[in-house]
Structure formats: C-alpha cells, structure tokens
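Working notes for the structure below.
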Amino acid sequence: MEIIFHHPTFDTQTWLEGMQQQLPGANVRQWHPGDNQPADYALVWHPPVEMLSGRQTLKGVFALGAGVDSILSKLQAHPDMLPNGVPLFRLEDTGMALQMQEYAVSQVLHWFRRFDDYQALKQQAKWQPLEDYRREDFTIGVLGAGVLGGKVAESLAAWGFPVRCWSRSKKDYPGITSFAGDEQLSDFLSGTRVLINLLPNTPQTVGIINSRLLNQLADEAFVMNLARGVHLVESDLLAALESGKVKGAMLDVFAQEPLPSNSPLWKHPRIAITPHLAAVTRPQEAMEYIAKTIRQIENGENPGGQVSLHHGY
Ligand SMILES: NC(=O)C1=CN([C@@H]2O[C@H](COP(=O)(O)OP(=O)(O)OC[C@H]3O[C@@H](n4cnc5c(N)ncnc54)[C@H](OP(=O)(O)O)[C@@H]3O)[C@@H](O)[C@H]2O)C=CC1
Ligand SMILES: O=C(O)C(=O)CO
C-alpha cells in the first residue's frame, strides 16, 4: 500500500514514521512536486492541485483537520483535483472535542462569574461586589451540533446551564434542546444568552453571525466563534458591542488570519482573542483514526468520517 503525505506546517517525519508504525505493510512517503508514482491514500492539508489530480487509483484522501472548507474551495476552482469517486475523509474528533470543551467551558464560566466585569473594575482599583448571574438566565446556544458542537453542548449541560443546539437535522442529545433548519433558527436564538459557533464553513453558513442574528439574542449576550472567521460579520459584532446588545466576545478564528495588526478587534476591551487554536490536530490520535479508517476500507467496510461533497462538510 502506497501513502503520500503533504502538510505545509506539520512535522513530516513524525507523520511518516507514525503512519508507518500504524500500518507496517505500507510505504509512506512525503509528496514532492513531480511525484506521480502510484498512491492508494493521500494525507493532506492545503494540497497542491497536482498532488491529487489524475490519481484515479486513490482509495481515499484524508484531510488532516476537521474543517474541509479550504480543500473544497480549491476543488471548486480545480474540479479535477479530486478524481471522480475518490472519497474525502476528515478528522472526526481525534482529541479535538476535549480541547473545544476546555475552551468553551472555561470561557462560559469566566463570563458567568463576571470575571470580565471584575477585570474592568480592577483597572479602576474598585472593590465592588456585583450581583450574581443566574444559570436560568444563562441559556447557551450552540450553532452546529456535530462531532464538536455536540460534545461542547454536553459539557456545558453538565455544568447545569440550560443548553440548546441548532443543526440541519434534529438531534436527540440528553438534556439539550434541539432546533433544526432555517425555520427554527429564530426560536433557537430567542433567549440565547451565550452563542457558541461550531458550524462548518459552507455557502449556507457564511456571514451567518450578522446584525440580524445578533439582534435576536438575549440582551447583554456573549458570542464565541470557534469555527471559521467567515461566519462572523466583524463590523456587525463591533456595532452590537457598541449598542450593548452584545456584552462580550471570544474569537478564535478570523476572516483574515493572522488577524492584521490594525484590526479594531485587537483593541476592543470586551473582545478576547486567541490565534486559531481552540482545537488542534493531535498527531497520535489522528494517525490511529486514519489507520483504522484505512483498515476498514481495505476490509470492504464503510467507515465514518466521509465528507459529503453535496453538503460541503
Ligand atoms: N477553531 C479551531 O481550532 C477549529 C475549528 N473547527 C471548525 O469546527 C467546525 C465543526 O466541526 P465538526 O463538529 O467536526 O463538524 P460536523 O460536520 O461534525 O458538524 C457540523 C454541524 O453543523 C451543522 N450544520 C451544517 N450546515 C448547517 C446549516 N446550513 N444549518 C444548520 N446546521 C448546519 C450540521 O448539522 P447536521 O448534524 O444536521 O449535519 C452539524 O451538526 C469545522 O467545520 C471547522 O470549521 C474544527 C476544528 C478546530
Ligand atoms: O481542524 C480544523 O478544521 C482546524 O481549524 C484546525 O485548527
């Protein structure tokens, strides 16, 4: 079995050796321009078009992350990049759900215990106990209830918050109210105090967090964007912070990354920023997952994690 690998930033040696250990019979190599030797599987992130195009013998392409928007947008520009019928897989969880849970729970508790207000009071050397927030006024709404959104919702429900989620199809997660489809988006938003975004980037979800959506949230809402920068209309968020409709935001992802140094988001006192690291690919878990999927394909089984090119995620 021949496996080719390309990632612009990951440590290639770790992956070549790690995959070799996972699949001892395989020959795993780094792909270089001009290499058109046979390959059964490709492990990629931001792949050059020529790495994949024309490879009719591929049995699977693995995106080395959860989101496949960058691959799919390249595919739109170069439809022959993924030969017809070759399945595209992505990482499902592989250690990312726990990271997302850590990120979301810590920030929700930060807002719930009003640490943002106490930080502002500290700047003024003010000793001033504030009224507690009540859990019943702190409904959390998770946009996107898939592998990561579902786990984030579960972890927040375990802290006793009212939690709801929104997805394309209805969910049956214990203790979480599920809303599905565009027709239920307004009901989902109404009363949501903390909005957490874990949607994929698709034509239907670009710009979804805009003024119209923000105005439907509860007053003094909080917004956490953990998915993709293009989901959020940054100027609409700034306007909602200005008007007081939104009290605070935590952003991990941005329309332009790295976030330009002159972006007004950097200086805003009620916006917290992290540099796209809410959940990163954990090599060991990812390699185990990919190897398991390859074994399933080789055994003629139908593995999970296949991207729907039709739905775009
Ligand atoms: N900041 C970071 O470090 C990271 C960010 N991410 C981002 O998180 C995203 C989510 O990952 P993951 O949970 O694995 O993805 P999934 O595909 O498992 O979940 C996506 C969810 O979004 C829902 N959804 C998709 N389109 C729509 C729509 N038009 N209307 C309503 N709901 C919709 C899906 O609904 P249904 O269940 O019905 O299909 C599903 O519940 C990734 O695409 C990526 O962009 C991922 C990893 C790290
Ligand atoms: O896996 C993804 O989609 C990511 O955004 C990783 O940072």
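Fair warning: this is a prediction, and the values are worked out from it, not measured in the lab. Remember, it's 1-based here, ligands and their atoms both numbered in the order they're listed. Values reported hereafter were calculated over all heavy atoms of this structure, with side chains retained and with hydrogens, waters and symmetry mates removed.
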- Query: Quick one: does ligand 1 sit under 4.0 Å from the side chain of Glu92, the backbone, both or neither, non-hydrogen atoms only?
  - Reply: neither
- Message: Over 60° means perpendicular and under 30° means parallel, so tell me whether Phe222 and Phe138 are parallel, tilted or perpendicular.
- Response: tilted
- Query: For the residue pair His110 and Phe115, does the interplanar ring angle fall in the parallel (under 30°), tilted (30 to 60°) or perpendicular (over 60°) class?
  - Reply: perpendicular
- Message: With a heavy-atom distance limit of 4.0 Å, tell me whether Leu226 approaches ligand 1 through its side chain, its backbone, both, or neither.
- Response: backbone
- Item | Shortest reach to atom 3 (O) of ligand 1 by a heavy atom, considering only Gly181, Ala279, Ser308 | Ala279
- Between Tyr133 and Arg113, is there a cation-pi geometry (under 6.0 Å to ring centre, at most 45° from the normal)? no
- Under 4.0 angstrom from ligand 1, any heavy atom of Gln99? no
Once you restrict both partners to nitrogen or oxygen, which atoms of ligand 2 have a protein partner under 3.5 Å, and how far apart are they?
from, atom 1, to, atom 2, distance (Å)
ligand 2, 1 (O), Ala66, N, 2.7
ligand 2, 3 (O), Ala66, N, 3.4
ligand 2, 3 (O), Gly67, N, 2.8
ligand 2, 3 (O), Arg228, NH2, 2.8
ligand 2, 5 (O), Arg228, NH1, 2.9
ligand 2, 5 (O), Arg228, NH2, 3.4
ligand 2, 5 (O), His276, NE2, 2.8
ligand 2, 7 (O), His276, NE2, 3.2

- Decide, yes or no, whether a salt bridge links Arg193 with Asp137 under the criterion of side-chain N to carboxylate O below 4.0 Å. no
- Fit a plane to each ring of Phe10 and Trp15, take the angle between them on a 0 to 90° scale, and name the class: parallel (under 30°), tilted (30 to 60°) or perpendicular (over 60°). parallel
- Item | Ring geometry between His7 and Trp45 (parallel below 30°, tilted from 30 to 60°, perpendicular above 60°) | parallel
- Is it the side chain (CB and beyond), the backbone, both or neither of Val253 that lies under 4.0 Å from ligand 1, heavy atoms counted? side chain
- Task: Would you check whether Thr202 reaches within less than 4.0 Å of ligand 1, judged by its heavy atoms?
- Result: no
- So is Met100 in contact with ligand 1, going by heavy-atom distances below 4.0 Å? yes
